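Single-structure report; data block below.
Throughout, a chain's letter reflects where its sequence line sits, starting with A, and its residues are numbered from 1. Everything numeric here is computed off the predicted structure, so don't read it as measured data.
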Protein chains: 2
Amino acid sequence: MHLTQETDYAMRIIYCLAKSGRRMDASSISEEMRISLRFSLKILGKLAGAGLVNSYKGMRGGYELARPADQITLKQVLDVIEGHAYAISRCLCEGEDCNRGMSGCCVFQNLWAQITSEVNQTLSGITFADMLARDTNRKTGTPD
Amino acid sequence: MHLTQETDYAMRIIYCLAKSGRRMDASSISEEMRISLRFSLKILGKLAGAGLVNSYKGMRGGYELARPADQITLKQVLDVIEGHAYAISRCLCEGEDCNRGMSGCCVFQNLWAQITSEVNQTLSGITFADMLARDTNRKTGTPD
DNA sequence: CTTAAAATATACCAAACTTGTATATTTTAT
DNA sequence: ATAAAATATACAAGTTTGGTATATTTTAAG
């Protein structure tokens with residue numbers, strides 16, 4: 001029912017990198033976000049594999065955003081961690097026999113598709129630059 | 001990430017009762033919906049406990065909707081099965097320390113709350129009478 | 001008043017998913 | 001050469017989900 005903890009962490013990690021604006025090693029990120037180092041590394045690996053962050057090996061290595069924060073959306077992070085699978089019902093998943101052996105698709109499918117699409121659109125419309133701005137507004141009391 | 005299978009089944013069961021308009025025993029429902037009898041009984045028990053369906057023991061017993069289909073929303077079914085817990089992030093769950101030991105709540109909370117609220121509103125606005133109409137329209141080719 | 005058809009209560013189990021850890025290897029700036 | 005970093009791969013504990021089993025209670029009908 002929820003975004004997984006891993007997705008939540010991934011969002012926080014990207015947010016952290018967006019906020020710092022600099023290259024950071026996994027230890028710093030994990031300390032700042034209070035996520036275990038190992039799990040941070042696992043997530044960073046996925047984010048790097050998907051091209052959202054660049055990774056640098058060796059001394060002075062670490063991670064940085066692969067592009068400016070205003071070009072990374074929440075939806076992109078979600079897709080990396082949950083594999084393009086965000087859908088409110090598994091009825092929408094490929095290969096799912098949502099009508100249980102009967103021909104056609106089930107009565108609910110159109111509705112689930114509509115809701116899923118709305119959520120995805122919202123998440124596609126929000127970048128990490130927006131999130132940084134939200135945080136600033138939050139602290140100064142400006143409404144969203 | 002998804003509504004659980006159980007929620008999906010519960011929706012189909014209520015839909016089935018709405019469509020038949022009569023009292024049905026669990027075996028008939030389970031056969032029609034292609035859900036195992038045992039699991040159907042479990043779900044029907046929850047729906048009866050929550051007052052969405054009435055149950056009758058003994059011979060000629062079975063289940064029927066506790067009120068007309070236009071007074072039962074998808075949201076009500078969701079709440080019965082997933083316990084008022086539908087939220088896109090567990091950040092919104094009671095007792096969740098979403099800011100990981102730091103004071104206040106996390107940057108994402110407002111956003112998750114907004115999205116969750118939108119989904120819940122959509123589901124609250126759709127009754128099983130609407131779903132029956134959708135099915136009819138689907139078969140006659142009328143768009144939603 | 002007996003019987004069979006139904007729901008109910010309770011407990012259990014297995015599979016899948018999530019979260020997290022461990023170990024060994026590779027890369028690279030200094 | 002070395003130490004600090006990422007990477008690859010595998011493993012495992014914990015939780016949730018999906019589903020089953022058994023025994024009991026209720027009730028219409030004969």
Side-chain angles (χ1 to χ4, degrees), chain A residues 1-13 17 22-31 33-64 66 78 81-83 85-87 89-90 93 96-97 100, chain B residues 1-13 17 22-31 33-64 66 78 80-83 85-87 89-90 93 96 100:
Chain A
M1 201 58 261
H2 298 133
L3 302 179
T4 62
Q5 196 71 357
E6 194 179 1
T7 302
D8 181 274
Y9 289 169
M11 300 257 180
R12 290 167 194 263
I13 286 172
L17 287 169
R22 280 192 296 279
R23 185 185 301 184
M24 297 177 76
D25 67 25
S27 301
S28 309
I29 296 171
S30 92
E31 275 167 36
M33 294 291 101
R34 271 98 161 156
I35 303 167
S36 85
L37 174 60
R38 298 284 183 181
F39 206 23
S40 300
L41 283 166
K42 192 180 208 173
I43 294 167
L44 282 161
K46 291 188 187 179
L47 294 170
L52 291 190
V53 307
N54 292 329
S55 66
Y56 302 90
K57 284 186 169 185
M59 284 185 74
R60 301 286 193 114
Y63 301 87
E64 61 194 24
L78 176 62
I81 306 296
E82 307 198 9
Y86 177 73
S89 167
R90 68 183 67 187
C93 296
E96 179 71 12
D97 172 26
R100 325 222 89 217
Chain B
M1 200 62 262
H2 299 134
L3 301 180
T4 63
Q5 195 74 355
E6 194 180 1
T7 301
D8 181 273
Y9 289 169
M11 301 257 181
R12 289 167 195 262
I13 286 172
L17 286 170
R22 278 192 297 278
R23 185 185 299 184
M24 296 178 76
D25 67 24
S27 300
S28 309
I29 297 170
S30 92
E31 274 167 37
M33 293 292 99
R34 272 98 160 157
I35 303 168
S36 85
L37 174 60
R38 300 282 185 183
F39 206 24
S40 300
L41 283 167
K42 192 181 206 171
I43 294 167
L44 282 162
K46 292 188 186 180
L47 295 170
L52 290 190
V53 307
N54 293 329
S55 66
Y56 303 89
K57 284 187 168 184
M59 283 185 76
R60 304 284 195 114
Y63 302 86
E64 62 194 23
L78 176 62
V80 169
I81 305 298
E82 306 199 9
Y86 177 72
S89 167
R90 66 183 69 185
C93 296
E96 179 72 14
R100 323 224 90 214

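Between A:R90 and D:dG18 there is a side-chain N or O to OP1 or OP2 distance below 4.0 Å. Between A:R60 and C:dT28 there is no side-chain N or O to OP1 or OP2 distance below 4.0 Å. Put simply, B:T4 has no side-chain N or O that comes within less than 4.0 Å of OP1 or OP2 on D:dT16. Within the structure, a side-chain polar atom (N or O) of A:S36 is placed less than 4.0 Å from OP1 or OP2 of C:dT21. For the pair B:Y9 and D:dG19, the criterion of a side-chain N or O lying under 4.0 Å from OP1 or OP2 is met. In this model, the phosphate group of D:dT7 is approached by a side-chain N or O of A:Y63 to a distance below 4.0 Å at OP1 or OP2. The side chain of B:S27 contributes no N or O atom lying less than 4.0 Å from OP1 or OP2 of C:dA6.
One can place CG of A:L47 at 11 Å from P of D:dT7, the figure rounded to the nearest angstrom. Distance CD1 (B:I43) to P (C:dA7): 14 Å, rounded to an integer number of Å. Rounding to whole angstrom units, CD of residue A:E6 and P of D:dG14 are separated by 19 Å. Whole-Å rounding puts the B:K46 NZ to C:dA9 P distance at 13 Å. In this entry the distance linking NE2 of B:H2 with C1' of C:dC17 reads 12 Å, nearest Å. Regarding B:L17, its CG atom lies at a distance of 14 Å from the C1' atom of C:dA7, rounded to whole Å. Between the CG atom of B:D8 and the C1' atom of D:dG18 there is a distance of 13 Å, given to the nearest Å. Atom C1' of nucleotide D:dT16 and atom CD of B:E82 are separated by 12 Å, given to the nearest angstrom.
Residues A:M59 and A:T7 both approach DNA chain C. Their nearest nucleotides, taken by heavy-atom distance, put A:T7 toward the 5′ side. Each of A:G61 and A:R38 was matched to the nucleotide of DNA chain D holding its nearest heavy atom; the match closer to the 5' end belongs to A:G61.
When heavy atoms are screened at a 4.0 angstrom cut-off, B:A48 is found touching no nucleic acid atom at all.
Looking only at distances, a side-chain donor or acceptor of B:E82 sits under 3.5 Å from a matching main-chain atom of B:T4.
Using a 4.5 Å heavy-atom threshold, the side chains of A:Y63 and A:L52 count as separate. For the pair A:D8 and A:L3, the minimum side-chain heavy-atom distance is 4.5 Å or more. Side-chain contact between B:L78 and B:M11: present, with at least one pair of heavy atoms (C-beta onward) separated by less than 4.5 Å.
When each of D:dG19, C:dA7, D:dA5 is scored by its nearest atom to the side-chain atoms of B:F39, the top-ranked nucleotide is D:dG19. With D:dA6, D:dG18, C:dT8 as the candidates, the nucleotide lying closest to the side chain of B:L41 is C:dT8.
B:I13 contributes atom CD1, which lies 8.0 Å from atom CD1 of B:I81 (distance to the nearest 0.5 angstrom).
Judged by distance alone, with hydrogens and angles left aside, B:K42 brings a side-chain donor or acceptor within reach of the base of D:dG19, the pair sitting under 3.5 Å.
Residues B:S30 and B:S27 have side chains that never bring a donor and an acceptor to within less than 3.5 angstrom of each other.
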